There are 2 protein chains.
Amino acid sequence: MADTSIEQRMAAAIAALSMDAVEKANSGHPGMPLGMADVATVLFTKHMKFDAAEPNWPDRDRFVLSAGHGSMLQYSLLHLLGFEGMTIEELKRFRQLGAKTAGHPEYGHAVGIETTTGPLGQGLGNAVGMALAEKHLAARYGSDVVDHMTYTIAGDGCLMEGISQEVISFAGHQKLGKLVVLWDDNDISIDGKISLSDKTDQIARFEACGWRTMRCDGHDMEAVDRALTEAKGSDRPVLIACRTTIGKGAGPKAGTSGVHGSPLGQEGIAAARQALGWQHEPFEVPSDVMEAWREAGSRGAKARGEWEDRLSASSNKAGFDAAMKGDPADALAALKQLADKVVAEDAKVATRKASQNCLDVVNEATTLTVGGSADLTGSNNTKTAELGILDAENPAGRYVHYGIREHGMAAMMNGMSLHGGVIPYGGTFLVFADYMRPSMRLAALMGTRVIYVLTHDSIGLGEDGPTHQPVEHLASLRAIPGLKVYRPADEAETAAAWGAALSYQGPSVLALTRQGLPMVTKSAEAAFANTGAYVLRDAEDYQATIIATGSEVEIALAAADQLASEGTPVRVVSMNCAEDFLSADGTHIADTLGTKPRLGIEAGIQMGWGELLSLGGIKWDFLGMESFGASGPYQELYEHFGITAKNAAAKVRALIEGN
Amino acid sequence: MADTSIEQRMAAAIAALSMDAVEKANSGHPGMPLGMADVATVLFTKHMKFDAAEPNWPDRDRFVLSAGHGSMLQYSLLHLLGFEGMTIEELKRFRQLGAKTAGHPEYGHAVGIETTTGPLGQGLGNAVGMALAEKHLAARYGSDVVDHMTYTIAGDGCLMEGISQEVISFAGHQKLGKLVVLWDDNDISIDGKISLSDKTDQIARFEACGWRTMRCDGHDMEAVDRALTEAKGSDRPVLIACRTTIGKGAGPKAGTSGVHGSPLGQEGIAAARQALGWQHEPFEVPSDVMEAWREAGSRGAKARGEWEDRLSASSNKAGFDAAMKGDPADALAALKQLADKVVAEDAKVATRKASQNCLDVVNEATTLTVGGSADLTGSNNTKTAELGILDAENPAGRYVHYGIREHGMAAMMNGMSLHGGVIPYGGTFLVFADYMRPSMRLAALMGTRVIYVLTHDSIGLGEDGPTHQPVEHLASLRAIPGLKVYRPADEAETAAAWGAALSYQGPSVLALTRQGLPMVTKSAEAAFANTGAYVLRDAEDYQATIIATGSEVEIALAAADQLASEGTPVRVVSMNCAEDFLSADGTHIADTLGTKPRLGIEAGIQMGWGELLSLGGIKWDFLGMESFGASGPYQELYEHFGITAKNAAAKVRALIEGN
């Protein structure tokens, strides 16, 4: 095989580095890098627009390895192309603690990784979100400034996951013509042949969703090249089914699930070296191959220079730069103004409606926000008058009808945030956070700035019953490291929560009520201090502290009234964000909670409250839910489940007496 | 409209009762019942095989209202057909606290409701599971004993949810010819026209997944009848796209999202009465219409009688009866035997492997179990030698290759359990419980006996890194009321956990390790007592109690050794199920935890531990995870995150000194 072309040898370098690294780590997935090395070589040498020296060039093509277990494919590429930091030593440290070469591609670990993948289907959703952001920003700032492709490599697993249907049907609807999915069509999954579990005609399925589709032999580099060339002119998203052999060349196990997730072993590696015509030492890349790769890595420098010139000449430069910077300062100022106003007005309003009032000022003050809802627009109160509909006919619109696709929405929001230029927010019912959870976890892991507007946040939603009433959701969301859960008690706190969420470089949940709540905040300043919890009502010689969140703050205040009338003064604390509160300094926490017995109130389960309430070894109790909810008018449900001022007062009395 | 047929008047009765009940409740969804009344009438009067007097007849056709918000359609049907308890008073109490007529259909609330629906797409998944159970049981016990259809009404929302792709592609693969999906193809979702968010060609999509498809006018009862008649002979699952008008007849709002989820109001109701030719008082059904409906309700009595005869004559009667009874006693006995044996053998084994050893004896001792995995068979260790593959060619097989469809798997397992005759268990990685969560919640709400085999349960999985390492999952699963989470420490405890899960009329998680664990149980009896936690090692004059779960029990014991060598005796408690422990009697809890300072150890977040450890106001500390994990060899990760015997011992010392 001495007369292999330079392109074939470049592909062989990917395959060799990948199998060598997996072998050295004695852990990892060689099958996919070997199977997709040819496709990746064509993509990165002939089609991808990027400049390895400027990995953050805003108009670069985006590449997402949705089949994240094939991480060595991406690490090999980053190394060969000359991305900063991806040294041969890092490849040798594949999957070792602290290496840039983590088991799956981790956003932020290595330069050039656009998103964290591994949980299947997520990368596909991210890619659709990136392509949506591109189309939106191109419409707003001009195609001289924004005009790039989004490519993703997806495996059978990505396509079998339900989320794929949500995002491919969405992409088809939006006519995201600059999105190309390279399907590693190798007919193999972990359990064996795909036919063990699936016989879907994927081509027909994608076409049913409005995609353009093509097939090619993924090992015929000219065919791959032709397909990619053709794909770039499409007015619809494109699926290229690349027929490949998993673990190509790796001896008898090639083409079977045996090469998916285990090192090839010396025998497999020897066979692969033979098949690849690659007789170099492990981790060794001959200089001509390396030079060719490095040339590919800098190929985009010229295009980048031209783009810089176009940007400088563009009348949209200031707007585009501001969008990419993403500073929400104007929105924050508007929210503070709103909070001052509503404290003075003292009106009763559901926090979902309060949130809409916030969005009215936010969406006017900044154009960064791109809102939406998973088909609950009128219930989530996520749309404001300023926002035109973002769709194929009006990509400059700022409101997305995501359809009944919670999971897809959350994955696409991650992609939009990672793309940059927008701050996505999206709504559904709090209980349906369960549908989005895999994407929310990745948002927390990556630190994407996305805001989930989750209304109907307790039994307070009433008649829809237990399938729609969150009970465990506040706890289960607080459990995700890095995700902030805001549960404001009134419109002023809602404004503060919106401000905090817009400012946080990570994901935030706004848990909002369906039912009306009175204005409890006396000073917008206190609500905006963003310390997570603050003393809403204090009392000299207070005998106990009641800590409540959201709609239960009203109940805490009523209990405090009742107790005060009996000569028992108590303090009331509104905790609008447990994460912010527990990360505040210890003095603030201790001062706020006080030293007297404590009662927590929240229309959810107790989990997590014990740790907080018992701080310092203080006596405590909790009033909340111990089971799923029920269907009925919400006032009756609060009575039925005993979340009442009367019961709160009784619990405080018992705490004080038992002290 | 005086010359409307009796069938039309029967349909009008559904529509009228539904809109009247929604109006009285001033809450609910009239659009779907009005739109699908014609289809439902044809289905229940001409096709569904059931006997209202014997709602639990095992061979009845199953009906699932996947579009659960249209609950009044089902309640009206149950009332008209004469199902026990669904009185006119219950219809008048629609959505009131304690009524059988909850906001969404709730399994167990009213006779005749096969599953709880509302969260979209779940019912569709349940229906596929029911059809799979039917096909499986028919193959095992004969089509003279098991031979029924499964029908489901699904809306656009169900089809847009990602889970729909997982279950329709699975149903197509399995050739579930006795499954019929009636799609309420009304072109409307909550936000407006479907075209706002989707342009999928659903017919083409279902065909791509191996379905037979038909279209009909959902208001042409003869056309619906023809379609259903044809559907019953299919060798593939059938989609019938029923073109309907949402809120048909209800004045100008008919055909718009305005009738989806709000009462029609007097004007809309008057218009609908006019359009329906229904000039009766609210909740009034004329006697001839009621008689016709009641006749439909008892139409199946004859078929049921014939079935009883066939069952009596069948050589499979004993086996079928036992399957429907579902008593796992034989499996429990086998597990106890296994536990005794492995305690004596004292081997080191990963609990995922221990689980496979358990399944070896379980699947031999009972034929109730139907196992599977979402394409991680070799990692979850869910397949045993006895189990043939359950597929279209071998429906009697007992192992399901679910494919990369965690969510669909969990929804289908619910359907299988609800159908009866099988105990489904299914595997994936613990971290991917997030993908299944909406179905797991419904399992807990309904109390379906399903077992999730969730392996790779901590950073102990090593190199795959944070995307695959559960950190918050034990807490977030324990948060779901009624879901039991078992985390056994060794093979004996794994056997006990399997026994408990098989015996529990609700869902159980088995959280299992990838890494090997030593045998720590000294007596299988103690592990099998099912009190959730027990003293594994006691010490006279113990100075502290260490409570650990699963793989961290080994660390707790090592810490205890270290402390004992320093002259500080400590007690070690293995808590294999927090739910069981906290529901045990108070004396057992107090006796087990003891009165000395307590340290909890678990390779997950602290959430939930504080409540347990602080019981009785005792000093406590916790050793676990405070962030996402990392990619690396697992031993290094335990060191890196400080979950070590050394740190545990230090924390115990600090607790004792500070006491």
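The sequence lines fix the lettering, A, B, ..., with proteins before strands; numbering per chain opens at 1. Worth saying up front: this structure is predicted, and the values here are computed from it rather than measured.
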**Report entry** Minimum side-chain heavy-atom gap B:M160-A:E166 below 4.5 Å
**Finding:** no
Query raised in the report: Which region of B:V471, side chain (C-beta onward) or backbone (N, CA, C, O), has a non-hydrogen atom less than 4.5 Å from a non-hydrogen atom of chain A, or is it both or neither?
Result: both
Query raised in the report: Where does B:H473 contact chain A at under 4.5 Å (heavy atoms): side chain, backbone, both or neither?
Result: side chain
**Report entry** Side-chain heavy-atom pair A:F628, B:I480 within 4.5 angstrom cut-off
**Finding:** yes
Query raised in the report: Side chain, backbone, both or neither: which part of A:D375 has an atom under 4.5 Å from a heavy atom of chain B?
Result: both
**Report entry** Which portion of B:S257 sits near chain A, non-hydrogen atoms under 4.5 angstrom
**Finding:** neither
**Report entry** Closest-packed option against chain A by number of heavy-atom pairs under 4.5 Å, given B:D391, B:T200, B:L196
**Finding:** B:L196
Query raised in the report: Under the side-chain contact (heavy atoms from CB on, under 4.5 Å) criterion, do B:W609 and A:M607 qualify, and how do the steps go?
Result: CA-CA 9 Å; B:W609 279 85; A:M607 185 179 264; over 6 Å; no
Report task. Over all heavy atoms of both residues, which pair between A:I404 and B:S189 is shortest? Give the atoms and the distance, please. Result -> CD1-CB, 3.9 Å
Query raised in the report: Hey, does B:H407 have a side-chain heavy atom less than 4.5 Å from the side chain of A:Y435?
Result: yes
Query raised in the report: Most heavy-atom pairs under 4.5 angstrom with chain B, which of A:P466, A:G172, A:G68, A:G192?
Result: A:P466
Query raised in the report: Measuring heavy-atom distances to chain B, does A:Y402 have an atom under 4.5 Å in its side chain, in its backbone, in both, or in neither?
Result: backbone
Query raised in the report: Do B:S631 and A:Q96 come within less than 4.5 Å of each other through their side chains, counting heavy atoms only?
Result: no
Query raised in the report: Any donor and acceptor pair, going by atom type alone, linking the side chain of B:R405 with main-chain N or O of A:S197 inside 3.5 Å?
Result: yes
Report task. In sequence, state the C-alpha distance, the side-chain angles, and the governing distance for B:T467 and A:T117, and then conclude on side-chain contact (heavy atoms from CB on, under 4.5 Å). Result -> CA-CA 8 Å; B:T467 54; A:T117 51; over 6 Å; no
Requested in this report: Answer yes or no: is there a side-chain heavy-atom contact under 4.5 Å between B:P481 and A:M625?
Outcome: no
Query raised in the report: B:Q202, B:Q122, B:E626: which one forms the most heavy-atom pairs within less than 4.5 Å of chain A?
Result: B:Q122
Requested in this report: Counting only heavy atoms closer than 4.5 Å, note whether A:A444 contacts chain B via side chain, backbone, both or neither.
Outcome: both
Requested in this report: Would you tell me whether B:D198 and A:H173 have side-chain atoms, one donor and one acceptor, within less than 3.5 Å of each other?
Outcome: no
Query raised in the report: At a heavy-atom separation under 4.5 Å, does B:I203 approach chain A through its side chain, its backbone, both, or neither?
Result: neither
Report task. Please flag which part of B:R478 lies under 4.5 Å from any non-hydrogen atom of chain A: side chain, backbone, both or neither. Result -> both
Query - Gap separating the CG atom of B:D201 from the OG atom of A:S169, nearest 0.5 angstrom - result: 12.5 Å
Query raised in the report: How many angstroms lie between CG in A:L483 and CD in B:E472, if you round to the nearest 0.5 Å?
Result: 9.5 Å
Query raised in the report: Under 30°, 30 to 60°, or over 60°: which ring-plane class applies to B:H468 and A:H104, parallel, tilted or perpendicular?
Result: parallel
Query - Pick from B:G157, B:C209, B:G465, B:S439 with the largest number of heavy-atom pairs that fall under 4.5 Å of chain A - result: B:G157
Report task. Could you tell me which of A:E106, A:E207, A:H401 has the largest number of non-hydrogen atom pairs under 4.5 Å with chain B? Result -> A:H401
Requested in this report: Side chain from CB out, backbone as N, CA, C, O: work out which of these in A:T377 comes under 4.5 Å of a heavy atom of chain B, or both, or neither.
Outcome: both
Query - Side chain, backbone, both or neither of B:P105 within contact of chain A (heavy atoms, under 4.5 Å) - result: neither
Query raised in the report: Shortest non-hydrogen contact from A:R437 to B:D434?
Result: NE-OD1, 3.1 Å
Query - Under 4.5 Å from a heavy atom of chain B, the part of A:T116 involved - result: side chain
Query - Non-hydrogen atoms of B:L97 and A:P633 that approach each other most closely - result: N-CD, 4.4 Å
Query raised in the report: Checking heavy atoms, do the side chain of B:E639, its backbone, both or neither come under 4.5 Å from chain A?
Result: neither
Query raised in the report: Are B:F432 and A:P119 side-chain neighbours, meaning at least one heavy-atom pair lies under 4.5 Å?
Result: yes
Report summary line: Taking every heavy atom of B:S373 against every heavy atom of A:D191, the minimum-distance pair comes out as O-OD2, 4.4 Å
Report summary line: Bottom line for B:F206: the part with an atom under 4.5 Å from chain A's heavy atoms is neither
Query raised in the report: Are B:Q165 and A:E161 side-chain neighbours, meaning at least one heavy-atom pair lies under 4.5 Å?
Result: no
Report task. Would you check if B:H29 and A:D464 make a side-chain contact, meaning some heavy-atom pair closer than 4.5 Å? Result -> yes
**Report entry** Part of A:L442 within contact of chain B (heavy atom distance under 4.5 Å)
**Finding:** side chain
Query raised in the report: Relative to chain B, which segment of A:I605 carries a heavy atom at a distance below 4.5 Å: side chain, backbone, both, or neither?
Result: side chain
Report summary line: Bottom line for B:A433: the part with an atom under 4.5 Å from chain A's heavy atoms is neither
